[in-house]
J.: 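Below: one structure in C-alpha cells.
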Amino acid sequence: AGASRGNSRVIPSAGRVLTPVQYGAVAPGGAWWPLNNGDRGSYQVNRIYPTIQGEGAQAGRAMTIVRLQGCPVGCVWCDTPESWSVWGGRYLTADQVADEMAALPPRWALVTGGEPAWHDLQSLTEALHMRGIRRALETSGTFPITGAWDWVCVSPKPAGLHPLVSDVLKYADEIKWVVGRERDVAGLEAFLEEHKSVLSSRSLNRGPFHRHRVVSVQPVSASPRATRLCVEVLMRHPD
C-alpha cells in the first residue's frame with residue numbers, strides 16, 4: 001500500500017525482502033561494458049516509481065526511482081535480487097523513461113539498479129535534463145560513470161564480484177557504506193584511510209551542492225545490530 005498523491009502513489013519502504021539466495025538470483029557472468037552497447041539510447045528498466053529517499057545524505061527528499069535492470073556485482077545481502085538478470089524489465093528509450101518520470105510529482109530522478117553504471121547513461125541524463133529533472137545516481141563504482149549528474153552516490157561493495165573503479169571516487173558527492181557486521185566497520189575505516197586524499201578534497205561544483213564529500217553509513221535491512229554498529233562508527237568518526 002502507498003499514500004496517494006494525485007494520480008500516483010508514494011511507495012513506502014519495503015516489507016519482507018527475499019535475499020538473493022532465497023530469490024534464486026545469480027549474478028550475470030562477464031563484465032562487458034556498456035550493457036546497452038547495441039543501442040546506447042535505450043535501457044532495460046526494472047521499475048519507475050515515486051518515493052521518499054530513506055538513505056544517505058538525501059534522506060527525506062521526494063525522488064522518483066528509476067531502477068535499471070542488470071547487475072553483475074552479486075551482493076549476498078542485496079534487497080533487489082530481481083534486478084540482477086539482464087533479461088528482465090521493460091525495454092525503453094531514454095525519452096520514454098524521461099516522459100514516464102516527468103509525469104510523476106518528484107522533480108528528482110534517482111537512477112539506481114541493479115548496477116546503473118553498467119549502462120551508458122549519457123542519453124538518459126540528457127533526456128531528464130531536457131525536462132527540467134534533477135539527476136542523482138547511486139552506483140557501486142564497478143563501472144565508469146557516464147552522463148551529467150547533480151548528485152553522485154558511490155556505494156562500494158568490497159565483497160562483490162567486481163572491483164571498484166578507482167576513478168569514480170573523484171566524481172562522488174557521497175560515499176555510502178553498507179554495515180552489517182563488525183568486519184564491515186573495519187573495512188570502512190581501511191577504505192577511508194586508503195582513499196583519504198580523494199575523500200578530503202572538494203567535490204565537483206554541481207550547482208547548490210558545492211561541498212565536501214559526505215560519508216554515510218547504511219545499516220543492512222535497518223537491523224538493530226547493524227544500526228548500533230553504524231552509531232558506533234559515527235561516534236568514532238564525528239567528521
J.: Could you pull out the closest heavy-atom pair between Ala117 and Trp33, with the gap in Å?
T.: O-NE1, 2.9 Å

J.: Report yes if some heavy atom in the side chain of Pro72 is under 4.5 Å from a heavy atom in the side chain of Leu161; otherwise report no.
T.: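 The answer is no, as the side chains (C-beta and beyond) never meet within the 4.5 Å cut-off.
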
J.: Trp118, Trp87: one ILVMFWY side-chain cluster at the under-4.5 Å cut-off?
T.: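 Linked within one cluster.
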
J.: Under 4.5 Å between any side-chain heavy atoms of Arg236 and Glu189, yes or no?
T.: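 They are in side-chain contact.
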
J.: Count the heavy atoms of every other residue, nucleotide or ligand shown that sit under 6.0 Å from CZ of Arg131, and state whether that count exceeds 12.
T.: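 More than 12 heavy atoms, drawn from other residues, nucleotides or ligands, come within 6.0 Å of this atom.
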
J.: Test your reading of the model: is there a side-chain donor-acceptor pair from Arg67 to the backbone of Gly113, 3.5 Å cut-off?
T.: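 It does hold such a pair.
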
J.: Report the C-alpha separation of Gln96 and Glu100 in whole Å, then their side-chain angles, then the decisive distance to 0.1 Å, and conclude whether the side chain to side chain donor-acceptor pair (under 3.5 Å) test is met.
T.: CA-CA 6 Å; Gln96 287 173 326; Glu100 187 169 329; over 6 Å; no

J.: For His162, look at atom NE2 and say whether over 12 heavy atoms of other residues, nucleotides or ligands are found less than 6.0 Å away.
T.: yes

J.: Is Arg228 atom CZ crowded by more than 12 heavy atoms from other residues, nucleotides or ligands, each under 6.0 Å away?
T.: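 Correct, the count exceeds 12.
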
J.: Which heavy-atom pair separates Gly114 from Ser83 by the least distance, and what is that distance?
T.: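 That would be N-OG, 2.8 Å.
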
J.: With side chains defined as the heavy atoms from C-beta onward, is the minimum distance between Cys78 and Tyr23 less than 4.5 Å?
T.: no

J.: Under 4.5 Å between any side-chain heavy atoms of Glu138 and Glu55, yes or no?
T.: yes

J.: Among the clusters formed by ILVMFWY side chains lying less than 4.5 Å apart, do Trp77 and Leu229 turn up in the same one?
T.: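 Not linked; separate clusters.
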
J.: Are any of the side-chain heavy atoms of Ser123 and Tyr43 separated by less than 4.5 Å?
T.: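 SC-SC contact between Ser123 and Tyr43 confirmed.
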
J.: I'd like to know if the side chain of Asp173 and the backbone of Val152 have a donor-acceptor N/O pair within less than 3.5 Å.
T.: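 Yes, the answer is positive, given that a donor and an acceptor are paired below the 3.5 Å cut-off.
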
J.: Taking the side chain as every heavy atom from C-beta outward, state whether Ile175 and Val214 have any pair of such atoms under 4.5 Å apart.
T.: no

J.: Which heavy atom in Pro156 sits nearest to a heavy atom in Trp177, and how many Å separate them?
T.: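 Where Pro156 meets Trp177 most closely, the heavy atoms are CB-CZ3, 3.9 Å.
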
J.: Please determine whether a side-chain nitrogen of the Lys or Arg among Glu126 and Arg135 lies less than 4.0 Å from a carboxylate oxygen of the Asp or Glu.
T.: no

J.: Passes side chain to side chain donor-acceptor pair (under 3.5 Å), Gln69 versus Ser85? Steps please.
T.: CA-CA 7 Å; Gln69 189 74 30; Ser85 171; 5.0 Å; no

J.: Evaluate the side-chain contact (heavy atoms from CB on, under 4.5 Å) criterion for residues His195 and Lys170: first the C-alpha distance (whole Å), next the side-chain angles of each, then the deciding distance (0.1 Å), finally the verdict.
T.: CA-CA 10 Å; His195 301 287; Lys170 66 184 181 183; over 6 Å; no

J.: Ignoring hydrogens and angles, tell me if any N or O in the side chain of Arg213 forms a donor-acceptor pair with the backbone of Leu169 under 3.5 Å.
T.: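 Side chain of Arg213 to backbone of Leu169: a pair is present.
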
J.: Do Phe191 and Leu164 have side chains that get closer than 4.5 Å, going by heavy atoms?
T.: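 Result yes, sub-4.5 Å side-chain heavy-atom pair found.
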
J.: Does some side-chain heavy atom of Gln44 sit less than 4.5 Å from a side-chain heavy atom of Asn36?
T.: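 Not touching, per the 4.5 Å side-chain cut-off.
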
